[in-house]
Amino acid sequence: MVWSPEVEELKRRRAFAEEMGGEAGIAEQRRRGKLTVRERVDLITDDGSFQEIGQLAGAATYEGNELQHVRPSNMIIGLGELNGRKAVLTAGDFTVRGGSADGSIGNKGGHAQKMSLDWQLPFIRLLDATGGSVKTFEQIGRTYIPTNPVTPGVEDLLCRVPVVAAVLGSVAGLPAVDACLAHFNVMVKGTSQLFPGGPPVVKAALGIDITKEDLGDERSQVFESGTVDNLADTEAEAFDMVKQFLSYLPDNVWQMPPRGDTGDDPERRDEYLLSAIPREKRRLYDAHKILKAVVDEDSFFEITPHYGRSRIVGLARMHGYPVGVMINNPKRLGGSMDVAAGTKVIRFLQLCDTFHLPMVYLADEPGFMVGPDQQRQGIVRAGAKMLCATLRTRMPWVSIIIRQLYGVAGQCHDRPSGMFKRVAWPSGHWGSMHIAGGVSAAYRRIIRESDDPEAKEAEIEAKLEALSSPFKTAEAFNIEEIIDPRDTRPMVCEFVHMAQPLLQTQLGPSPTPYMP
């Protein structure tokens, strides 16, 4: 009983921490439709698994030597479990000084980040916080050079462990950048915004009156800029997305991705695939339905579905093994690669290469998107980046050409070395450029000088179309194999299984650093 008074004092101080920003702050949090920081931690972690670190940190008020109150830190950090797997968490508390980054106590965020790196565990940020506050200048009696002890080291963190961010309120300044210093991020519809500076800052800098919703809600961040990957209707759904994303990845780059359920027959042959691609080249098809027929049942998790929509990317499983999956989407720009889709794909390739996920690409690439709008956005340079990103990857890669491959964009299915496999469906066709557009350019003089230019152009096109059979390409061994579409899943499952020993040799950081 010697230390009973101190133990009682410990309970008292922990009770202060549980109060967060007080009744008024909590009421305002609920009015905005948001959970409190402690409710969030309880919801995302397994029951009873969260071990808080630094709970006693706070701004204490004394009368003489008697403690009156402790205003807790506006950041909670600790170690928790998500579906039985350990992870390091940080969570901003908006009820305490609006979660202001420079109003925190000590370097709790930096401690958690370093712990994630040193312990080689996934790092999760639950963001509901702003950046610096001018109130700090008054408190410390001066201004200060903008540095942050959390920032150094994050570039190594991204190359070693999975990092995930959930935007759960109005997030500005440094926390907004933190949202992007992640392999995956998600925001909540109607209650989340993201911006470097909020409406008052915009007003002061540009003289523009704007609401925080118009400035940084899902319309601009998810649908227009792709700054945030996925959109959830509720915080609970956002946390489910975080858990699902992490379920495909290892705890760190020195581990293999965890194998999941193997109940779906690897030899399953879906009859739908035989008719999935229409014979008429201009007719559309359902790319998601093709993916469903190939990957393990209910295993596809799409990433960034609302941005760069001409390419669908996501994580899935093949006979339980986690893989990265891509397929062109003919319902958007005909599946052509525009700047947005290229940006999305580059990040996705880096993710899969960093965490040792084989790449499965169902290719129907008509080429880089043309036209004045894409020219203004820099499609040529973006295309060059896309090509280099593809060539730099080292993970095992299998490409299934399901319809077309044209131009330089069509080259972004290929690698000159490493474990690479390429097959085609009988519906495949390819070339340096499309025959329809190429004929008018290459045979311009002949067409112009003919008695019936229109008929001559059609005649040349028909002759060249006859040469476009994939079997003629196979005769020249320019395509390794043409397969029955129904054999796609068995073939990919075998490839992914065979890739596992090679992936074991690639454990550790990738030679190409991850760039968010």
Side-chain angles (χ1 to χ4, degrees), residues 244-245 247-248 257 259-279 283-305 309-332 335 341 344-345 348-349 351-352 356-365 393 395-405 412-414 419-428 470 479-500 503:
Q244 189 173 358
F245 174 80
S247 72
Y248 298 91
R259 192 175 185 184
D261 178 49
T262 57
D264 194 354
D265 184 2
E267 298 298 321
R268 174 167 57 82
R269 301 172 79 251
D270 197 314
E271 291 297 319
Y272 161 74
L273 293 176
L274 191 59
S275 304
I277 304 298
R279 188 171 291 275
R283 282 189 57 194
L284 303 180
Y285 58 85
D286 189 337
H288 283 97
K289 192 172 180 180
I290 291 178
L291 283 181
K292 183 178 180 180
V294 173
V295 304
D296 287 1
E297 185 177 9
D298 297 327
S299 73
F300 181 62
F301 177 70
E302 188 169 357
I303 298 174
T304 324
R309 296 173 64 186
S310 62
R311 182 74 66 91
I312 297 167
V313 307
L315 305 177
R317 291 185 177 85
M318 301 296 303
H319 198 35
Y321 293 113
V323 297
V325 178
M326 300 190 298
I327 187 170
N328 295 79
N329 182 10
K331 295 181 180 180
R332 301 292 298 188
K344 176 168 87 171
V345 170
F348 184 63
L349 294 181
L351 169 72
C352 294
H356 321 303
L357 302 179
M359 179 59 62
V360 181
Y361 177 26
L362 295 126
D364 178 12
E365 180 55 73
T393 61
M395 71 281 203
W397 182 309
V398 56
S399 288
I400 305 99
I401 307 170
I402 63 176
R403 194 177 225 176
Q404 60 186 328
L405 282 180
C412 296
H413 77 284
D414 192 5
M419 188 175 181
F420 174 74
K421 183 179 179 70
R422 175 177 55 196
V423 301
W425 288 0
S427 48
I479 179 67
E480 292 88 322
E481 196 66 57
I482 298 174
I483 67 169
D484 182 332
R486 294 168 294 187
D487 291 334
T488 302
R489 173 174 167 79
M491 182 271 295
V492 175
C493 282
E494 180 186 26
F495 177 85
V496 172
H497 176 72
M498 292 179 64
Q500 300 306 302
L503 290 170

- Report yes if the side chains of Y361 and V345 come closer than 4.5 Å at any heavy-atom pair, otherwise no. no

- Query: Can you tell me how far CE of M326 sits from CG of L349, rounded to the nearest 0.5 angstrom?
  - Reply: 5.0 Å

- Query: Got a donor-acceptor contact below 3.5 angstrom from the R309 side chain to the K331 backbone?
  - Reply: no

- Query: Can you find a pair of side-chain heavy atoms, one from M359 and one from F420, that are under 4.5 Å apart?
  - Reply: no

- With sequence neighbours left out, the residues meeting salt bridge (charged side-chain N to carboxylate O under 4.0 Å, His left out) with D296 are R489

- Kindly indicate whether the side chain of K292, heavy atoms from C-beta on, has any atom under 4.5 Å from the side chain of Y272. no

- Message: Holding to side-chain hydrogen bond (donor to acceptor under 3.5 Å, both in side chains), I want the full list of residues that pass it with S427, two or more places apart in sequence or in another chain.
- Response: none

- By ring pair (Phe, Tyr, Trp, His ring centres under 6.0 Å), which residues pair with Y248, not counting sequence neighbours? none

- Are D414 and L405 close enough that some pair of their side-chain heavy atoms sits under 4.5 Å apart? no

- Note on the structure: R486 meets the salt bridge (charged side-chain N to carboxylate O under 4.0 Å, His left out) criterion, sequence neighbours left out, with E271, D484

- Note on the structure: CE of M318 to OG1 of T262, rounded to nearest 0.5 Å, is 13.0 Å

- Message: Using 0.5 Å steps for rounding, measure from the CD1 atom of I402 to the CG atom of N328.
- Response: 7.5 Å

- Apply side-chain contact (heavy atoms from CB on, under 4.5 Å) to R283 and list each qualifying residue two or more places apart in sequence or on a separate chain. P278, E280

- Message: Please enumerate all residues that pass side-chain contact (heavy atoms from CB on, under 4.5 Å) together with K421, with sequence neighbours excluded.
- Response: V398, V423, M491, F495

- Message: Please enumerate all residues that pass salt bridge (charged side-chain N to carboxylate O under 4.0 Å, His left out) together with E480, with sequence neighbours excluded.
- Response: R422

- Under a 4.5 Å cut-off applied to non-hydrogen side-chain atoms, are M498 and M419 in contact? yes

- Side-chain (T304) to main-chain (K344) donor-acceptor, under 3.5 angstrom: no

- Message: Taking salt bridge (charged side-chain N to carboxylate O under 4.0 Å, His left out) as the definition, give me every residue that meets it alongside R268, ordered by chain and number, with sequence neighbours left out.
- Response: D264

- Message: Test of understanding: with side-chain contact (heavy atoms from CB on, under 4.5 Å), list the residues that count as partners of P470, not counting sequence neighbours.
- Response: W430, I482

- Could you point out which residue of V295, L291, I400, I327 forms a side chain to side chain contact (heavy atoms under 4.5 Å, CB included) with V360? I400

- For S299, all residues meeting side-chain hydrogen bond (donor to acceptor under 3.5 Å, both in side chains), sequence neighbours excluded: none

- Residues forming a side-chain contact (heavy atoms from CB on, under 4.5 Å) with H288, sequence neighbours excluded: D286, F300, E302, I312

- Item | Student check: side-chain heavy atoms of P266 and E494 closer than 4.5 Å | no

- Task: Can you sort out the partners of D487 under side-chain hydrogen bond (donor to acceptor under 3.5 Å, both in side chains), two or more places apart, ordered by chain and number?
- Result: R269

